[in-house]
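Because the structure is predicted, anything quoted here is derived from the model rather than measured. Throughout, a chain's letter reflects where its sequence line sits, starting with A, and its residues are numbered from 1.
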Amino acid sequence: MRLSQAFIPTLKETPAEAQIASHRLMLRAGLVRQMSAGIYAWLPAGLRVLDRIANIVRDEQDRVGAQEVLMPTIQSADLWRESGRYEDYGKEMLRITDRHERELLYGPTNEEMITAIFRADVKSYKSLPQCLYHIQWKFRDEVRPRFGVMRGREFLMKDAYSFDISYDDAVLSYRKMMLAYMRTFARLGVRAIPMVADTGPIGGNLSHEFIILAPTGESQVFYDKAFEEIDITENAFHHDDPADLERFYQSMTTPYAATEEKHDEAAFAAIPEDRKREGRGIEVGHIFYFGTKYTKAMGVTVAGPDGKELTPEMGSYGIGVSRLVGALIEAHHDDAGIIWSDSVAPWAAAILNLKAGDAACDKICEELYAALGRDALYDDRSDRPGAKFADADLMGMPWQIIVGPRGAANGLVELKRRATGERFEVSPAEALAKVKR
RNA sequence: CGGGGUGUGGCGCAGUCUGGUAGCGCGCGUGUUUUGGGUACAUGAGGUCGUCGGUUCGAAUCCGGCCACCCCGACCA
């Protein structure tokens, strides 16, 4: 993308309504614009990030065998009456009436709908297990939206739903999804820690929140340093091997980790002093086993091996995709702006032409831009270098290829790593090799 | 939903107390200048002062209703 033609409205000053870093930076870097309280329009750069995050989530869901579907945003009130939640849900649910006076709602979640879809077509235990997910916009009419995209009313969420014929199988599904989540967050460039969450009336301990660490996090969290030492990406665990899943689950649940609500002072005190960790965290995912709550209420059964009817066991698994955009920024930014990871950055690199119009600079920039194609943001504006540096730092592309008249005369460019500030004088070819993703 | 606050050009703000028909900085357009960390000068465009009503010769300013947005708390992916 040529910056001179791009719709990336950056701001030098911070709009008054933005309080936290990620909100300020998302507005300043031209990622989003607020349309109503808690409702945002995604501009080109922001949408690219949102899509990249969604694609990593999708990739890891597919990898553990979940299948993608797409359910509607609008649902029928009747469906929710089947589970009894239409009355229970309260004012957070946006209720709508159509021209025929039929009661509809803008979905805050999809347990009822996925259960109805499953019920219609799955009749035998042989079809299980199943795990279906979708990535869709949801709406919860929060009393007080805030923190920009981190706590909006409309938000993009991945939610998966598992169906199994027994509790034991449901536990496998749960653990498999936990592994997929750990892989997902690692790829997004953040450290996520699963912490035991409240299971409400269902009971048991099969509910975990995934917390990523950021100084401006919403809640205080406590954990064992062990979580910093586990490398999920090295393929130590296979998701189809129950023994591996067991080992993985133990490694995730044995060391201490808790949010302030579930914090146990005594248990935390027992951790050796040098292993104690305490910080702020943002919840970006939640997994939950809830058994037959919906299948029972909605009369879902399948034929078992012995011909008798079975009620499938369910779990649901959410990742806040749009929230993650804000959360990733909270975790990785500095005074100058955003610091994107290579995996989610809207563009792999920014090419800064420090002297647009200079033959040598133009030539090198055009060649770099042609080689990188859609993965580069080319600052071809005729602005001063200072403005270009400031905008590139603000927008946070992981690499900046700085092309100025001094180096260009010798056929050299400067490669800057946004995260560390390191700079290297290299040939354009070397820069390309470093930057390609 | 309780408490507090704000609405004035794209953004940040002053002007409101004490009524006389709107101003500053940034940004934007044009020209010159500058060219490795938001250059300087000149010039120009852009505002029914959130909205409806009232008071007044006259309302951004005073009074009332409404709307929107923000902050603290409770709640939440």
Can you tell me the base-pairing partner of [N]? Count Watson-Crick or G-U wobble geometry only, both distances below 3.5 Å, and say none if there is no partner.
N	result
B:U33	none
B:U16	none
B:C69	B:G5
B:G64	B:C52

Work out how far the [atom1] atom of [N] is from that of [M], and round it to whole angstrom.
N	M	atom1	value
B:G27	B:A40	P	9 Å
B:A22	B:G4	P	36 Å
B:A77	B:G7	C1'	31 Å
B:U18	B:A45	P	36 Å
B:A14	B:U6	P	10 Å
B:U39	B:G20	P	38 Å
B:U8	B:A60	P	15 Å
B:G29	B:G46	P	16 Å

Not counting sequence neighbours, which residues clear side-chain hydrogen bond (donor to acceptor under 3.5 Å, both in side chains) with A:R2? List them please.
->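 side-chain hydrogen bond (donor to acceptor under 3.5 Å, both in side chains) list for A:R2, sorted by chain: A:E366.
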Please name all residues satisfying side-chain hydrogen bond (donor to acceptor under 3.5 Å, both in side chains) with A:Q75, sequence neighbours left out, ordered by chain then number.
->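 Per chain and number, A:Q75 pairs via side-chain hydrogen bond (donor to acceptor under 3.5 Å, both in side chains) with A:W80.
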For [X], all residues meeting salt bridge (Lys or Arg N to Asp or Glu O under 4.0 Å), sequence neighbours excluded:
X	value
A:R58	A:E68
A:K12	none
A:D383	A:R381
A:R183	none

Kindly state whether the ring of A:Y167 and the ring of A:Y289 have centres lying under 6.0 angstrom apart.
->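 Centroid separation for A:Y167 and A:Y289: below 6.0 Å.
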RNA chain B-proximal residues of residues 341-350 of chain A, any heavy atom under 4.0 Å |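 When residues 341-350 of chain A is checked for heavy atoms under 4.0 Å from RNA chain B, there are no hits whatsoever.
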Contact state string [nucleotides 35-41 of chain B, B base, S sugar-phosphate only, - no protein heavy atom under 4.0 Å] = SBBBB--
Going 5' to 3' through nucleotides 70-77 of chain B and flagging B where a protein heavy-atom sits under 4.0 Å of the base, S where only the sugar-phosphate is that close, and - otherwise, we get SBBBBBBB
Please set out all donor-acceptor pairs under 3.5 angstrom arising from side-chain atoms of residues 37-46 of chain A, sequence neighbours excluded.
{"residue": "A:Y40", "atom": "OH", "partner": "A:H23", "partner atom": "NE2", "Å": "3.4"}
{"residue": "A:Y40", "atom": "OH", "partner": "A:Q34", "partner atom": "OE1", "Å": "3.0"}

Decide, yes or no, whether a salt bridge links A:D224 with A:R277 under the criterion of side-chain N to carboxylate O below 4.0 Å.
->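 The answer is no: the pair does not qualify as a salt bridge.
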Please tabulate, for side-chain N and O atoms in residues 392-406 of chain A, each donor-acceptor pair with protein atoms closer than 3.5 Å (sequence neighbours left out).
{"residue": "A:D393", "atom": "OD1", "partner": "A:Q400", "partner atom": "NE2", "Å": "2.7"}
{"residue": "A:D393", "atom": "OD1", "partner": "A:K416", "partner atom": "NZ", "Å": "3.0"}

Spacing of A:E13 atom CD relative to B:G9 atom C1', expressed in whole Å |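 Answer to the nearest Å: 14 Å.
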Return each pair, listed once, that meets ring-ring contact (aromatic ring centres under 6.0 Å, His included) where at least one residue sits in residues 334-377 of chain A; pairs must be two or more places apart or across chains.
->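 Every pair satisfying ring-ring contact (aromatic ring centres under 6.0 Å, His included) with a residue in residues 334-377 of chain A: A:Y369-A:Y378.
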Contact class for A:T109 (heavy atom, under 4.0 Å): base, sugar-phosphate, or nothing?
->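 Touches nothing.
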Donor-acceptor side-chain pairing of A:Q220 and A:R280 below 3.5 angstrom =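 Note: A:Q220 and A:R280 side chains meet the donor-acceptor criterion.
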